[in-house]
Every structure is written in structure tokens, then in C-alpha cells.
Amino acid sequence: MKISFHGADRDVTGSCHLVEVAGKRILIDCGFFQGSRELDDENAAPFGFDAASIDVLLLTHAHLDHCGRAPLLYKRGFRGEILATGATRELARLVMLDAAHLQEEDARRRTRRSARAPDPADGAPLYGTLDALNACDRFGRAAAYGQPITLATGVVVTFFDAGHILGSASILFEVEEGGSKRRALFSGDLGNAGRPLLRPPANPPQADVVIMETTYGDRLHKPLAPSIEELHQAISATFQRGGNVVIPTFALERAQELLYVLRQGRERNQLPPAMQVFLDSPMAISATEIFERHPEGYGPAVAELFGDGRDPFSLPGLHFTRETAESAAINRITGGSVIMAGSGMCTGGRIRHHLRHNLWRPQASVIFVGYAAKGTLARKIIDGAKSVEIFDETIAVRAEVHTINGFSAHADQAELLAWHTQTHAERTILVHGEADAMRAFADKLGGAKVEIPALGDTIEL
Ligand code: ZN
């Protein structure tokens, strides 16, 4: 059994690992490289293996940095089977189609610009909608948590609930080769226990080798309950001043988590009854509809609501605004509304319109509940910019700015350590982390045998 590393190595995006065993070539994730840097070249670069030679692609979850290059894999010749949980299939379809659409738009813009340049360049998108649809056609058997699936003689995989986003999984390989048995466990992205919607990550099975993420290998999270209280208080105070609350929101999981938390606040009378809530993101609306179709994916409190026939993501005064005209109409509202829109880091999408209409008002608030990379508009506002550029206009920052940190979807250092201890692994391979986080986590593992592969490395197990 051999593993090679083709993404998220000493880095947090572009997850892609290749297992070669029993004559089969099995890929675990095929994600997009993302971040503030220009990563087009990295995404377009050769995979480091022949796409047509891949027999199976296993997806741990539907985040773009784990499934975003699957359509490219198809475009370059992959015709094997994609295995994922039911929720991941639906969410990954949404994410891949959205990514294809954005790349097609980008390509059109590049082509227009390039036509005016002295040396016109190729404006073709990395992949298009058809590639994404074709990739979706490769979804085969659906994986259920705890149910072994045979990939080849002597090669069995089992998905375990990773508690990170709806449908997320860790994947165990059990391999019988030449009379000996080996167990290799891929963590996928691990969740943070005590989140509002999901169950905590399942107790991991014992394994000889773990290949694990280390996103927050160097820090501990703040607890969630005070963060929810802070959110409720910030909203109430803003409404008293007569302003709106603008929340830049990631479409998957964070948007649904916020709806649930707002619903809770209304039920407990911690939020004003007149509150209007706008989910102003077609992608987040579609994701919420998928979340509503998977009651099996949640922790006990949410499961109970579903059991009673109640929708955990619905509350009085909630509006889903899919159409552009509905979105533009929100601009006329000056107070009493919570406006959630993407993108989470304010690098594009409808959120920029809402910031333009609210950021300069001292009555308004902007609340950040997610990660903001360096160089993004979100980060500039968080770091205290007095004014920012939005659509070539200088906008004063007079709104109250809150950064609420308790909503992380990733396990922190203590949770990663506890998970690792339960696997009893003799050998540990760290991926999906920045260098400092990986080093800090490796130190915490003490004398354990730890490897930190670089992009393109191969490890024989
Ligand atoms: Zn993730």
C-alpha cells in the first residue's frame, strides 16, 4: 500500500491523496487550491498522476477545497466511481456547479479583456458546467456511516461521521495484502464538538496509520455559548440604534447554523419579535434546502425538531431572496433587519452591495463569524480600516464591527489530540495545516512517529 500527496500538504487547501493498493488507484478528495493568493496556476497544473488511471474517488466532504477539482479530474479522463455520503453527494453537486459557473464567468471576462491586449491569451475556463455535471454522473454507491464498502479484493473502506459539515466523513481503509492486515485512517476535516447542528465527530476506530488534518493544531477555540449570546446582544443593540445587521456568511453550514441560532433567539425571546432576516444568497438557499432533506445528519436537538415536523432553519420574518431584484430591494431597508449574504470573506457576491449600503451608517453593525484571509475586504474591515473601496467607491466604516470567534467548524488542538489518542496509531502523517500549526501539533504528539509530507511525496506503508 502506497500513499502519495497531491494537495493540502504543508498547506490547508487543495486536498488530494492517492492510495495505490491491490492494483487499484484510489483518490481521497480532489479539492481546489484557495486563498488570497492567485492560485489559478496551481489548480490548472498537472495532478501529479494520470486522471484516467484513477479507479475510485472518495470524497470526505463537500467543501470546495475537498471536491473542487473533481470536474477537472473528469475533464482530464477520469471515468471511475465517486463514493460519498448522501448529503455530500448533493452538497458537492451544488459546490461543483457553482465553481464551474464562476470559472465560466471569469473566463468570459478574461476573453473580453484579452481581446484588447497586444497578445491575446487563451481565456478558456479550467472546467465548465458540463464537466461538473459529468463528474456528478460518476457518483456511484452512496456511503453510510459505519457500513463497510468493498473496493477490491482485500480492500474495504468505511466512512465515519467527522462532525465537520453535514455529510462529512473520516475514511478507514482495511487492507489485506500477502497475509497481513493494515488499517489506515484518513481523518478528513474533523469537526468541533458542541456545535449547534451536528453530532460531535464519531469515536475513531483503531488504525495502524492515520493521515490527519491539523488546521487548528496550534490553538484552542472559544466556547460556543458565549458567542451565541454575543451575537444576540449585538443584534438587539443594533436594532435599538435603528440599524441593520450585516453578516458575511459562508453558504455551507455557517448559514444554516446562523438560521438555527437566530430561530433559537426568537424562541427564547432574546431577539426582537419584529426582526426581519434575509438569507440573500442563492447558493446558501439551495444548501439550506439540501440540509432540510437530511434529517439523519444532525445531533439530538435538531433531530427532535425534525421529528416534531418542525423546520430547524425556519423562523418568523425569514425571507429567502434568490432573485436579483429581491436582493436589490433590501437596500431600501435602513433598520431592523439581519442580512446574511456571501461571500464569507467579502471578496465577491451580494454582501458587497449590503456593505455599501450599511457600512457608513453608525446605527448599523457588521458581524463576522468566520475566517477571513489576509488581503480580503473582510479582513480589512476586521483590522479596523477607517474606509474601504467597494465597487470603485470609497465607503466610510462607521458601523459597529464585531468579530465572533466561537463558530469554528474545525476541531481545535485538544480535540485533534483526543481523536488521535483514540486511534492508537503507531504512525502519523500530518496534512491540511499551515507549517506552524503542524509543528505545534507534532510537538504535542511527543514521541509518536510523525511525518509531514511535501507536495508530490510518496510514503510506503
Ligand atoms: Zn472542510
Side-chain angles (χ1 to χ4, degrees), residues 5-17 27-35 39 43 57-70 82 84-85 87-96 98-99 143 145 159-171 185-193 195-202 204 210-217 219 221 249-258 283-284 287 290-291 294 297 342-345 369-373 407-413 415-416 419 430-434 437-438 441:
F5 298 86
H6 304 283
D9 306 302
R10 302 176 189 179
D11 198 355
V12 285
T13 67
S15 275
C16 189
H17 317 299
L27 213 55
I28 296 97
D29 289 337
C30 194
F32 225 67
F33 293 101
Q34 287 177 285
L39 294 171
N43 283 314
L57 166 62
L58 307 174
L59 291 182
T60 61
H61 65 291
H63 273 149
L64 186 66
D65 63 319
H66 290 260
C67 71
R69 280 190 293 163
I82 306 180
T85 63
T88 296
R89 284 161 82 126
E90 285 193 64
L91 291 170
R93 183 176 192 276
L94 179 69
V95 168
M96 292 192 286
D98 181 67
Y145 295 136
F159 286 57
F160 292 88
D161 193 345
H164 168 62
I165 63 165
L166 184 69
S168 64
S170 302
I171 303 176
L185 178 62
F186 288 82
S187 70
D189 285 5
L190 291 169
N192 176 8
R195 304 265 305 291
L197 303 179
L198 302 178
R199 291 180 290 262
V210 292
I211 300 89
M212 73 180 290
E213 68 120 327
T214 43
T215 317
Y216 290 113
R219 70 193 96 155
H221 294 320
T249 311
F250 294 94
L252 242 63
E253 201 73 27
R254 192 57 39 84
Q256 294 75 30
E257 226 167 49
L258 286 169
M283 169 107 167
I290 294 172
F291 272 61
H294 288 277
S343 70
M345 298 194 211
V369 290
Y371 177 73
F407 286 92
S408 179
H410 280 275
D412 67 6
Q413 186 189 58
E415 291 173 308
L416 289 172
W419 187 89
L430 301 183
V431 295
H432 201 292
E434 282 169 7
M438 287 183 151
F441 191 67

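Whatever order the structure lists them in is the order used to number ligands and atoms, beginning at 1. Below, all heavy atoms of this structure are taken into account, side chains as well, without hydrogens, waters or symmetry copies.
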Short side-chain donor-acceptor distance under 3.5 Å, D189 and H63: no

Those residues that, when tested against R10, pass side-chain hydrogen bond (donor to acceptor under 3.5 Å, both in side chains) (two or more places apart): none

Residues in side chain to side chain contact (heavy atoms under 4.5 Å, CB included) contact with T214, at least two apart in sequence or another chain: L430, M438, F441

Residue pair E415, H221: steps toward the side chain to side chain donor-acceptor pair (under 3.5 Å) verdict: CA-CA 10 Å; E415 291 173 308; H221 294 320; 5.1 Å; no

Protein N, O or S atoms under 2.8 Å from the Zn ion (ligand 1): 4

Residues E90, R93: salt bridge by 4.0 Å N-O rule: no

Residues which pass side chain to side chain contact (heavy atoms under 4.5 Å, CB included) with A99, listed by chain and number, not counting sequence neighbours: L64, Q103, Y127

